[in-house]
Amino acid sequence: MVIIGVGFSVLLVVVVGIVVARKVDGDSANYLVAGRRLGIPLVAASLMASAVDSNATVGNTDLTSSFGFWAGASLAIGLAICLLLTGLFLARPMNRMGLFTLADFYRLRYGRGVEVTSSVLMIFAFAILMAGNLVACGYLLNRFLGLSYTTGVLLAVSLVLVYTIAGGMFSDAYTAAFQVVITAVATVALLWWVGATFGFHIPEGMGPFDMEQLTSTDAGAPINWATLVALGIGDIVAIDFMQRIFAAKNPEVARRSCFAGAAGTATVGVAYALVALTAVSALGLDAVDGPVLFALLDDYAPAGLTVLVLSGIVAASFSTASGAILATAAVAVRNIAGVRRVVQDGSRDPLLLWTRLAMLPVVACGVTVALEVAQTGILLTLAFDLMLAGLVVPFLLGLFWGRGGTSAAVAALAAGLTVRVGLFVLTPTMYGVPNDVAYIPNEMLDASFDGWPTFYGAIASLLAYLVAAWLRPRPAIEQARQIVDGALTDTQVQAAPVPAPAGLVPEGARVPR
């Protein structure tokens with residue numbers, strides 16, 4: 001019954017995604033940013049669906065059961081903070097720019113070289129993010145259907161690919177709305193059942209008000225703060241979040257959607273963390289033998305509730321993976337290969353065609369990571385830890401401060417990533433689990449240093465940008481050259497370039513595509 005129910009929900013998601021694909025109508029603007037005409041319900045749903053994925057549910061419960069509330073709930077709370085900050089400061093100016101991808105910003109602000117470098121980092125980080133959601137699907141199909149983990153990952157990504165290739169952002173947005181409804185109902189039902197059946201129990205020292213989790217190194221405070229910072233600030237440069245903001249029909253819709261997404265994400269994350277704490281205290285479950293949430297549902301929950309919650313997890317994973325595939329392929333084609341949108345009667349839009357084709361190697365990268373590193377929440381944090389170290393400083397200072405130019409951006413990227421990757425390979429653990437990815441045995445750093453590399457990478461990036469901007473301010477010729485290049489890149493654009501603000505774009509203006 002469980003598999004039939006989950007399978008039916010998956011089929012509905014795929015069908016919805018394929019049905020709305022007709023809205024693309026052969027235009028990459030419809031495919032990548034839904035024609036820039038989505039309202040608050042769809043934008044908010046897609047933002048929340050991108051945040052409330054398997055990392056914020058399955059990964060959340062695993063980390064909470066092992067290390068306490070703040071270790072797991074920080075995944076969702078961090079993403080909620082990101083959406084809140086984006087709504088307060090970034091959604092309106094970014095929506096006004098009329099970009100196709102976030103990497104377009106780096107081209108307009110810093111030039112072609114930084115555009116390509118940032119694009120490579122974005123693709124790498126989002127392959128990791130995609131993998132985290134495929135991991136959850138692989139484990140789910142392994143436990144409830146008896147498929148091998150590898151087969152489960154491949155089946156899940158194949159289904160996501162079907163409707164993402166067909167409908168792009170339209171398919172992503174409409175399936176996200178469906179997913180959010182399932183997730184909301186499933187969260188309420190799960191909380192009610194746990195409370196009515198077991199009551200809510202919190203092991204000593206692991207609850208939301210046990211603040212040593214945020215103040216004591218022995219209780220994992222550096223790791224928990226690193227998670228909050230990596231997701232709360234590093235996720236600001238998430239290409240899938242920004243893709244949805246670009247798809248909003250106006251800046252105010254983008255702003256309000258961020259607030260709605262933040263509220264929903266935080267609520268779901270806290271709820272699943274409380275469920276995990278009860279599972280540990282009342283039932284003695286832990287993550288050693290597989291995801292705690294799956295064990296709770298498989299061994300204790302009624303079949304109907306299991307179907308509902310698993311359907312929400314699968315739909316959430318599909319939605320996030322879909323957005324990651326779409327945004328990553330768009331960056332690869334538009335910002336690395338340099339393909340542009342062409343709208344002419346009787347001709348095929350090359351940006352649309354090549355974005356669809358690029359999804360195949362993008363998916364291959366995500367599958368490879370999922371098969372090599374079978375973690376959920378850890379992969380999410382690692383992805384945006386790298387973004388925090390390399391891309392956040394050039395983005396925020398580039399948007400709100402006009403002094404730094406290409407030299408400052410390159411310095412920030414190089415310094416932040418060098419420090420972060422260097423400390424990563426020298427630290428024996430990553431966010432509380434063994435570093436089996438790329439650890440170089442040494443006697444300089446031990447597990448107590450875990451969490452601190454996140455801050456050192458970000459600080460190095462900030463200092464490098466400030467020093468470079470001070471020593472070599474952005475020259476006027478660089479500003480003029482890059483604004484013109486960005487404005488006149490696409491073949492259909494004939495208008496004069498739009499002046500950029502110390503941010504980039506003046507109130508009410510859109511950068512031509």
Side-chain angles (χ1 to χ4, degrees), residues 82 85-86 88-94 96-97 99 101-122 124-125 229-230 232-239 242 331 335 384-423 452-487 489 497-507 509 511:
C82 169
L85 293 175
T86 301
L88 289 171
F89 304 110
L90 302 170
R92 285 189 287 194
M94 293 307 293
R96 282 197 298 267
M97 290 181 193
L99 307 177
T101 69
L102 180 60
D104 286 347
F105 172 89
Y106 291 89
R107 181 187 72 254
L108 290 169
R109 186 63 173 80
Y110 300 112
R112 175 66 173 159
V114 175
E115 174 191 19
V116 173
T117 303
S118 64
S119 297
V120 171
L121 180 56
M122 290 173 185
F124 178 73
V229 171
I233 300 178
D235 207 38
I236 283 173
V237 288
I239 52 178
M242 283 298 171
V331 167
N335 302 111
F384 292 106
D385 203 336
L386 296 173
M387 302 283 270
L388 174 66
L391 296 180
V392 168
V393 169
F395 174 64
L396 293 178
L397 293 188
L399 185 63
F400 296 112
W401 188 44
R403 184 180 179 90
T406 301
S407 299
V410 171
L413 273 162
L417 289 176
T418 298
V419 171
R420 185 62 191 94
V421 173
L423 293 177
W452 292 107
T454 296
F455 303 100
Y456 289 129
I459 291 171
S461 180
L462 176 60
L463 292 177
Y465 191 99
L466 293 175
V467 170
W470 178 64
L471 293 175
R472 190 175 179 183
R474 186 184 185 201
I477 190 171
E478 181 180 302
Q479 298 180 45
R481 172 176 56 81
Q482 291 174 7
I483 293 170
V484 171
D485 286 349
T489 296
V498 178
L504 218 58
V505 176
E507 185 78 22
V511 173

For the pair [X] (side chain) and [Y] (backbone), establish whether a donor and an acceptor sit closer than 3.5 Å, ignoring hydrogens and angles.
X	Y	result
Thr86	Ala91	no
Arg112	Asn335	yes
Arg107	Glu115	no
Tyr106	Leu391	yes

Minimum heavy-atom separation for [X] to [Y], with atom names?
X	Y	value
Met94	Leu99	CE-CD1, 4.1 Å
Ala408	Gly404	CB-CA, 4.0 Å
Arg403	Pro473	NH2-CG, 3.3 Å
Tyr110	Gly398	OH-CA, 3.1 Å
Leu388	Ala230	CD2-CA, 4.0 Å

Which residues pass the side chain to side chain contact (heavy atoms under 4.5 Å, CB included) test with [X], not counting sequence neighbours?
X	answer
Ala238	Phe126, Asp235, Asp240, Phe241, Phe384
Arg472	Ser407
Leu88	Leu84, Phe259

CE on Met97 to CE on Met242, rounded to 0.5 Å: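 That separation rounds to 9.0 Å.
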Have a look at Val393 and tell me which of Ile459, Ile233, Leu462 forms a side-chain contact (heavy atoms from CB on, under 4.5 Å) with it.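 Of the listed options, the one satisfying the test is Leu462.
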Any side-chain heavy atom of Tyr465 within less than 4.5 Å of one from Leu396?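 Heavy-atom side-chain distance check fails, nothing below 4.5 Å.
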List the steps and the verdict of side chain to side chain contact (heavy atoms under 4.5 Å, CB included) for Thr101 and Ile239. CA-CA 7 Å; Thr101 69; Ile239 52 178; over 6 Å; no
Leu102 and Val331: side chain to side chain contact (heavy atoms under 4.5 Å, CB included), yes or no, with the steps? CA-CA 8 Å; Leu102 180 60; Val331 167; over 6 Å; no
Just to verify, what does Tyr456 make a ring pair (Phe, Tyr, Trp, His ring centres under 6.0 Å) with, not counting sequence neighbours?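 For Tyr456, the residues satisfying ring pair (Phe, Tyr, Trp, His ring centres under 6.0 Å) (neighbours in sequence not counted) are Phe449.
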Can you sort out the partners of Phe395 under ring pair (Phe, Tyr, Trp, His ring centres under 6.0 Å), two or more places apart, ordered by chain and number?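 Phe395 satisfies ring pair (Phe, Tyr, Trp, His ring centres under 6.0 Å) with Phe105 once adjacent residues are dropped.
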For Phe124, I'd like to know if atom CZ has over 12 heavy atoms of other residues, nucleotides or ligands within 6.0 Å.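 Incorrect, the count does not exceed 12.
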Which atom pairs, one a donor and one an acceptor, fall under 3.5 Å between side chains of residues 410-423 and the rest of the protein, sequence neighbours left out?
residue: Thr418; atom: OG1; partner: Ala414; partner atom: O; Å: 2.6
residue: Arg420; atom: NE; partner: Asp385; partner atom: OD1; Å: 3.0
residue: Arg420; atom: NE; partner: Asp385; partner atom: OD2; Å: 3.1
residue: Arg420; atom: NH2; partner: Asp385; partner atom: OD2; Å: 2.9

